[in-house]
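In what follows, chains carry the letters A, B, and so on, assigned in the order in which the sequence lines appear, proteins first and then strands, with residues in each chain numbered from 1. Bear in mind the structure is a predicted one, so any value in this text is a computation, not a measurement.
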Number of protein chains: 2
Amino acid sequence: MEMTLDEGKEKFIQSWGTLGSNWGINRTMAQIHALLLISPESLCAEDIRQELQISMGNANMNLRALIDWGLVYKKLKSGERKEFFVAEKDMWVVIRQIITHRKKKELEPMIKVLDEISSVQPNSEESEAFCKVIRDIQLFSSKADSTLDTLIKADSHWFVGTFMKMIK
Amino acid sequence: MEMTLDEGKEKFIQSWGTLGSNWGINRTMAQIHALLLISPESLCAEDIRQELQISMGNANMNLRALIDWGLVYKKLKSGERKEFFVAEKDMWVVIRQIITHRKKKELEPMIKVLDEISSVQPNSEESEAFCKVIRDIQLFSSKADSTLDTLIKADSHWFVGTFMKMIK
DNA sequence: TCAAACTTTCAATAAGTACTGAAAATAATG
DNA sequence: CATTATTTTCAGTACTTATTGAAAGTTTGA
């Protein structure tokens, strides 16, 4: 079934927004990211405001967030006063940035909490069950932590090659 | 620094709830999961309602969701009329269930959308840039899809062993 | 140095999501 | 089969998060 560019763009922007939203990321932020990803030219805040029908404030705040995530860069055009924005197009870098950001914001704080919690003494049936669960989650978390570190450092395009063989 | 069991339980339940919430999962659902994870005995809906100070309706709905995710099981106690609930305690199974669920609900629909979108013809600068991005995301998505399938099938406890060496 | 162009901030409000409580449905018991 | 225990549903409401719009701040260049 054929699809026009405009239909495709619309569908992609909406789907990327929904995906983000399902993973706890602001829908508009994800939509701006989608729009910039598929734009061959850099866009200014006003372009984005118009395309997505949102306010300038909203566009601005989410652009800052995207820059903070390392997914979008500012671009200055000579002769132009306003700022332009371009998305990082290398998918491997995109994924690495997302992993880095979420690791820092969610995995690392969780590891810290588990560490604090593991000072509970296992001296009853209840506290033993508790400590066992915490230990298991710690084990998994620290493994995830080091695996993601390796993944982040592996700047190659591992994900397009054979990755299957890696798991057992 | 020492921590009592009750402090530890409270902190764990709250943190697990926050973690879930950050990843687009109902906070209460995650808290019920945490409570059941660390409970050596099965709990009934009323126990959970009391412990977390929530309504029966809320407890019931989120317990159904947890059962649907394959993270909690119903348990019938002889002599007892009401239902009891136990959490899956094997962390590997827990993670596998979560991956399975989210893969089905988010990755697979996205792959379907990308497939539809890729019928757009690359016959202009704009449509070429668009198709390139879609192809890159497809490449990554299908790799993620097959990797996760392998991961799900690998019923061993790979994650406690040496996993580092797998990435490059 | 002033005015225009543009960006940022944030209080008010809108939109989205989750929770309650009460009523309906279901299941077990005598 | 009627009573009671328990579970489920869902409309209304509360809570959370996202967005607007207007005002303040900043930068540029005439």
Rounded off to whole Å, could you give me the [atom1]-to-[atom2] distance for the [X] and [N] pair?
X	N	atom1	atom2	value
A:I48	C:dT8	CD1	P	12 Å
A:N60	D:dT27	CG	P	14 Å
A:K82	C:dT8	NZ	C1'	17 Å
A:N26	C:dA15	CG	P	16 Å
A:E80	C:dC6	CD	C1'	12 Å
B:E46	D:dA5	CD	C1'	12 Å
B:N62	D:dT7	CG	P	15 Å
B:K74	C:dA27	NZ	P	10 Å

Practice problem: Report yes if at least one side-chain N or O of B:N58 is closer than 4.0 Å to OP1 or OP2 of C:dT20; otherwise report no. | Solution: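 It does, given that an N or O in the side chain of B:N58 lies less than 4.0 Å from OP1 or OP2 of C:dT20.
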Quiz item: Applying the 4.5 Å side-chain criterion to the ILVMFWY set and letting contacts propagate, would A:V86 and A:I67 be lumped into a single cluster?
Solution: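 Different clusters.
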Quiz item: Contact class for A:E83 vs. all strands (heavy atom < 4.0 Å): base, sugar-phosphate, or nothing?
Solution: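 Sugar-phosphate only.
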Self-check item: Donor/acceptor link under 3.5 angstrom from B:R64 side chain onto base of D:dT9
Solution: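 Answer is no: no donor-acceptor pair is held.
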Quiz item: Is there a donor on the side chain of B:R81 or the base of D:dT6 sitting less than 3.5 Å from an acceptor on the other?
Solution: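 Checked by distance alone, the answer is no.
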Self-check item: Contact check, side chains of A:Q121 and A:S127, non-hydrogen atoms, under 4.5 Å
Solution: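 No, side chains not in contact.
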Quiz item: Going by the angle between their ring planes, with limits at 30° and 60°, are A:W16 and A:H33 parallel, tilted or perpendicular?
Solution: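 Tilted: the ring planes of A:W16 and A:H33 meet at 30° to 60°.
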Quiz item: With respect to the side chain of A:T28, which nucleotide from C:dC19, C:dT7, D:dT19 is positioned closest?
Solution: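 Between C:dC19, C:dT7, D:dT19, the one nearest the side chain of A:T28 would be D:dT19.
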Quiz item: For DNA chain D, whose closest nucleotide is more 5', that of A:S55 or that of B:M61?
Solution: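 Taking each residue's closest nucleotide, the earlier one in sequence belongs to B:M61.
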Quiz prompt | Closest approach of B:L5 to A:V120 (non-hydrogen atoms, all atoms of both residues) | solution =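 Minimum heavy-atom separation between B:L5 and A:V120: CA-CG1, 3.9 Å.
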Quiz item: Does A:F84 or B:I54 map to a spot on DNA chain C nearer the 5' end, using the closest nucleotide for each?
Solution: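 Going by which nucleotide is closer to the 5' end, it is A:F84.
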Self-check item: Separation between CD1 of A:I32 and CG of A:L66, rounded to the nearest 0.5 Å
Solution: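 Answer rounded to 0.5 Å: 6.0 Å.
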